[in-house]
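FYI, the numbering just counts along the sequence from 1.
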Amino acid sequence: MEVVVETLVVEELGDRIVVRLHRPGARNAINSVMVRELHDVCEALERTPRPLLLTGSESVFAAGADIGELRQRGRDEALQGINSTLFERIRRLPMPTVAAVDGYALGGGAELAYACDIRLASTRAKFGNPEPNLGIIAGAGACWRLKELVGEPLAKLVLLAGHIVDAVEAAGCRLVAEVHEPGELEQAAHRLIDRMTRVSATALRLTKLVLDAPPGSHPLADHLAQAVLFEDPDKHARMTKFLEKGRD
């Protein structure tokens with residue numbers, strides 16, 4: 001079922017949700033309405049955990065935050081972390097998130113992609129954070145998340161010198177997992193999610209939870225997650241099937 005809201009096209013496919021950023025004429029710039037609508041998506045995924053496929057439209061992922069709104073924001077709005085709070089909520093969703101990036105992902109659009117677990121790109125994808133050119137910092141996660149993703153040298157080149165990372169470089173530094181032709185990108189993202197939905201949903205969810213746990217949580221977090229899974233009937237059924245298949 002596909003639902004069109006003001007800035008998104010949301011498609012529920014049973015085992016996943018597909019969200020398409022859709023602000024025609026604004027290059028999918030992230031405004032306050034889109035932030036609110038993405039929070040609504042997060043609420044639905046927290047209530048009924050499923051993988052999320054996030055993509056753009058009209059050959060662009062998102063060309064940044066809405067500059068008209070940013071110009072009007074002051075200190076109090078900055079301290080609220082309007083975009084960064086949303087992106088961190090997306091990062092913490094219980095099931096995997098995949099960003100399929102076609103065309104430009106700049107500023108807040110890039111930070112939205114960085115917040116997803118896995119990124120796939122089209123051959124025409126471009127990532128960048130030109131915020132200092134507008135007199136601000138990349139304040140919705142890029143200043144620390146990008147360094148974790150690609151390393152300090154490239155992150156500083158992007159954030160301090162306005163370097164744009166194209167699809168080839170993004171694949172080389174593992175910012176994106178795969179690169180596809182634009183017409184094949186979304187199908188590739190669905191194939192990736194297909195692999196995820198074939199495994200144990202509980203194991204997938206707990207794997208993400210342990211992966212994202214702070215370093216001081218290990219190995220206790222691992223042991224607790226495994227203890228839950230060892231008591232799950234699905235674990236017994238899957239291992240029994242594996243062993244019986246081996247005897248065939």
Say whether, by atom type as modelled, one donor and one acceptor occur between the side chain of E37 and the main chain of T7 under 3.5 angstrom. yes
Does any donor atom in the side chain of R124 or S59 lie under 3.5 Å from an acceptor atom in the other side chain? yes
Report yes if the side chains of T202 and D234 come closer than 4.5 Å at any heavy-atom pair, otherwise no. no
With a 4.5 Å limit on heavy-atom distance, are the side chains of L175 and F127 in contact? yes
Between T197 and P51, which heavy-atom pair has the shortest distance, and what is it? CG2-CG, 4.2 Å
Is a donor on one side and an acceptor on the other found under 3.5 Å between the side chain of S122 and the backbone of E181? no
Any chance CZ of R73 has more than 12 other-residue heavy atoms, nucleotides or ligands included, within less than 6.0 Å? yes
Quick check: do E131 and I136 have side-chain heavy atoms less than 4.5 Å from each other? yes
One thing to verify: whether D194 and R198 come together as a salt bridge, which I'm taking to mean a side-chain N less than 4.0 angstrom from a carboxylate O. no
I want to check something: taking the side chain as every heavy atom from C-beta on, are L54 and R20 in contact at a cut-off of under 4.5 Å? no
Using a 3.5 Å distance criterion without hydrogens, assess whether the side chain of S217 forms a donor-acceptor pair with backbone atoms of P214. yes
Keeping the roles fixed (side chain from T207, backbone from A203), state whether a donor-acceptor pair exists under 3.5 Å. yes
Cut-off 3.5 Å, side chains only: do H163 and E169 have a donor facing an acceptor? yes
Side-chain (R205) to main-chain (P96) donor-acceptor, under 3.5 angstrom: no
When you check the gap from the basic side-chain N to the acidic O, do E88 and R91 get nearer than 4.0 Å? yes
More than 12 heavy atoms of other residues, nucleotides or ligands under 6.0 Å from NE2 of H218: is that the case? yes
Quick one: do E46 and R89 satisfy salt bridge (Lys or Arg N to Asp or Glu O under 4.0 Å)? Show the steps, please. CA-CA 10 Å; E46 289 160 354; R89 188 176 186 182; 2.7 Å; yes
Heavy-atom side-chain contact between Y114 and N129 under 4.5 Å: yes
So does K147 have more than 12 non-hydrogen atoms from other groups sitting under 6.0 Å from NZ? no
Check this for me, if you would: do R23 and E6 make a salt bridge, where the nitrogen-to-carboxylate-oxygen distance has to be below 4.0 angstrom? no
Non-hydrogen side-chain atoms of H39 and V41 separated by less than 4.5 Å: no
Donor-acceptor pair, distance only, cut-off 3.5 Å: does the side chain of S57 make one with the backbone of L21? yes
T97 side chain near I118 side chain, heavy-atom distance below 4.5 Å: no
Kindly confirm or rule out a cation-pi arrangement of R27 over Y104, judged by NZ or CZ under 6.0 Å from the six-membered ring centre and within 45° of its axis? yes
Without hydrogens or angle criteria, can the side chains of S32 and E69 be said to hold a donor-acceptor pair below 3.5 Å? yes
Less than 4.0 Å between a side-chain N and a carboxylate O, is that true for D15 and R50? no
Looking at CG of L146 and CD of E152, how far apart are the two atoms once the value is rounded to the nearest 0.5 Å? 11.0 Å
Under 3.5 Å: donor-acceptor pair, side chain of E77, backbone of G74: yes
Do any N or O atoms from the side chain of D102 and from the backbone of V60 form a donor-acceptor pair under 3.5 angstrom? no
For atom CD of E58, is the number of surrounding heavy atoms from other residues, nucleotides or ligands below 6.0 Å larger than 12? yes
Taking the side chain as every heavy atom from C-beta outward, state whether D117 and K208 have any pair of such atoms under 4.5 Å apart. yes
